[in-house]
Protein chains: 2
Amino acid sequence: MNRIKIILVDDHRIFRDGLKSLLSEVEFIEIIGEASGGSELLETLTYIRPDLIIMDISMKGLSGIEVSQKITSVTPEIRIMILSMHTDEEFVISAIQAGVKGYLSKDASKEELLEAIKIIHEGGECYSKMVSDNFLKSYVRKYKAEHGLVENKTLTQREIEILKLAAIGQSNKEIADKLFISHKTVDCHKNNIVQKLKLKNTAEMVLYAIKHKIIEV
Amino acid sequence: MNRIKIILVDDHRIFRDGLKSLLSEVEFIEIIGEASGGSELLETLTYIRPDLIIMDISMKGLSGIEVSQKITSVTPEIRIMILSMHTDEEFVISAIQAGVKGYLSKDASKEELLEAIKIIHEGGECYSKMVSDNFLKSYVRKYKAEHGLVENKTLTQREIEILKLAAIGQSNKEIADKLFISHKTVDCHKNNIVQKLKLKNTAEMVLYAIKHKIIEV
DNA sequence: TTTAAATTCAAGAATTACCCTATTGTTTGT
DNA sequence: ACAAACAATAGGGTAATTCTTGAATTTAAA
């Protein structure tokens with residue numbers, strides 16, 4: 001399995017080093033770069049393409065929010081997770097508006113961090129317990145509803161299951177037989193997947209699955 | 001564009017080093033490993049997966065022919081090019097029977113070598129001028145005809161063109177419009193591609209194209 | 001020069017993919 | 001507790017693709 005390629009961004013070198021060492025022990029993760037600030041990150045992105053960026057908010061120069069906006073508008077396939085000491089609502093909301101897919105407190109445990117990385121990598125979103133109170137949840141929903149269908153559209157478990165099978169060349173009928181459901185159901189799931197991910201056809205589903213490392217090549 | 005991953009195999013270190021330095025200057029090539037002999041190569045292949053192996057025939061221990069047989073029978077998608085000082089017909093014939101896709105003399109120029117690498121990588125075969133006389137050509141054809149349809153089935157230029165477009169998610173109609181031909185022709189080409197490569201459907205074509213680096217991911 | 005291969009196109013049949021709608025059960029928010 | 005949203009399941013209709021067979025033209029090879 002290809003590992004999740006990550007770039008770390010934080011203006012404190014010792015924090016980066018610690019996180020790097022921590023994540024280096026995880027077999028499904030590969031740290032492919034780091035940056036001490038927003039400008040350095042943007043420069044790095046011109047020649048390195050990560051799956052995920054883990055970034056602080058408060059940095060000298062460009063803030064994490066500003067950088068996130070730039071990145072998500074140009075290359076939305078690169079997911080961004082904020083790792084911040086601030087869990088105030090305003091920060092989180094700004095981050096979400098900037099298109100980040102996760103917001104964790106620096107107090108989070110290693111397990112929480114890994115879980116969040118997994119979830120985000122599989123197309124989901126993850127906000128730390130401290131920041132994901134009721135108000136925030138409802139706000140996120142409302143904000144997204146208001147600001148149109150530029151939605152995250154995370155796939156359900158069943159959809160991911162079907163995406164994986166379709167992406168390795170299985171036909172609807174083959175998938176149906178394997179999962180003991182009607183080929184029409186498979187068809188419907190694929191249809192939903194295509195819509196959620198804004199794809200055109202099965203061929204693009206294969207490409208998507210490979211790009212996002214949902215299947216191995 | 002992903003570079004062609006190559007492993008060099010020769011029992012003379014200085015030759016490997018020279019070749020490595022020569023190929024390192026080429027941007028579409030990446031030397032991902034080397035071995036001094038057959039056994040070492042087989043061991044290397046358990047954890048490194050190259051696109052192409054460039055190998056001498058006469059080596060201590062296992063000969064290049066024996067190693068080629070083993071590799072092509074297990075992992076036929078790894079292509080093998082022999083780079084030998086012997087251009088005698090028997091050697092070449094044995095090599096071809098062992099499933100190699102190219103046979104170059106060590107006298108070949110850098111340009112010939114690069115050309116051969118490209119051709120083989122795109123699914124073709126390439127034998128150096130010295131060894132590719134009429135006798136050999138006819139022999140190769142006869143041998144392949146006799147030994148059934150375990151053919152290389154190289155794609156034509158047009159087929160590769162269509163494979164590329166289909167693999168990035170274009171429909172038959174879109175491809176037809178782009179190439180100014182009938183969608184029925186596209187259909188026919190795709191049909192031939194699927195048969196030649198022993199695939200099942202378009203999704204598998206996408207996978208094939210990615211695996212063989214015919215398109216970028 | 002005759003043969004073979006590559007590229008082009010087409011008709012008809014079978015299959016599959018794609019799109020829309022709909023039902024049922026399960027969470028979730030108020 | 002009840003409405004809303006979500007997840008998983010399909011059916012029907014249409015468009016697209018695939019398979020098969022056949023064939024003309026051009027180009028390359030024996």
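Below, read A as the first sequence line, B as the second, and so on, with proteins coming before strands; counting in each chain starts at 1. Not measured: the values here are computed from a predicted model.
- Taking CG of B:N191 as the start and CD of B:E159 as the end, the distance is 10.5 Å to the nearest 0.5 Å.
- For A:D177 and D:dT9, the CG to P distance is 14 Å, given to the nearest whole Å.
- A distance of 4.0 Å separates CD1 in B:I82 from OG in B:S68, rounded to the nearest 0.5 Å.
- The existence of a salt bridge linking B:R49 and B:E77 is confirmed by a sub-4.0 Å separation between a basic side-chain nitrogen and an acidic carboxylate oxygen.
- In this entry the distance linking CD of A:E159 with P of D:dA7 reads 7 Å, nearest Å.
- Taking only side-chain nitrogens and oxygens, A:T202 never comes nearer than 4.0 Å to OP1 or OP2 of C:dT16.
- When B:I7, B:L8, B:I80 are each tested for a side-chain contact (heavy atoms from CB on, under 4.5 Å) with B:M55, only one passes: B:I80.
- Contacts with DNA chain C (heavy atom under 4.0 Å) in residues 178-188 of chain B: B:I181, B:S182, B:K184, B:T185, B:C188, listed by number.
- Of the N and O atoms on the side chains of A:T202 and A:K190, at least one donor lies less than 3.5 Å from an acceptor on the other residue.
- Taking every heavy atom of residues 160-173 of chain B and every atom of DNA chain C, no pair lies under 4.0 Å.
- Contact check on B:E115 versus B:K118 returns no salt bridge, with no Lys/Arg side-chain nitrogen under 4.0 Å from an Asp/Glu carboxylate oxygen.
- Among A:I119, A:I53, A:I117, the one residue that satisfies the side-chain contact (heavy atoms from CB on, under 4.5 Å) test with A:M81 is A:I117.
- Checking each of A:V206, A:I168, A:I215, A:I193 against A:L163 for a side-chain contact (heavy atoms from CB on, under 4.5 Å) leaves exactly one that passes, namely A:I193.
- Here the P atom of nucleotide C:dA17 and the CD atom of B:E174 are 18 Å apart, to the nearest Å.
- A straight line from NE2 of B:H189 to C1' of D:dC19 spans 16 Å, rounded to a whole angstrom.
- D:dT20 atom P lies 12 Å from atom CG of B:N192, rounded to whole Å.
- Here B:C188 contributes atom SG and B:N172 contributes atom CG; the two are 11.0 Å apart, rounded to the nearest 0.5 Å.
- The side chain of B:N191 places an N or O atom within less than 4.0 Å of a non-bridging phosphate oxygen (OP1 or OP2) of D:dC19.
- The pair A:K200-B:E174 meets the salt-bridge criterion, since a charged nitrogen lies less than 4.0 angstrom from a carboxylate oxygen.
- Here the CG-CD distance, from B:N201 to A:Q170, works out to 9.0 Å after rounding to the nearest 0.5 Å.
- If you take CD1 of B:I193 and C1' of C:dA6, they are 13 Å apart, rounded to a whole angstrom.
- Put simply, A:R158 has no side-chain N or O that comes within less than 4.0 Å of OP1 or OP2 on D:dC6.
- Using a 4.0 Å heavy-atom criterion, one finds that A:N201 contacts the sugar-phosphate atoms exclusively.
- The end-to-end axis angle of the helix from C:dT1-D:dA30 to C:dT30-D:dA1, rounded to 10 degrees and based on five pairs per end, is 50°.
- Per the geometry, NZ belonging to A:K200 stands 15 Å off C1' belonging to D:dT17, to the nearest Å.
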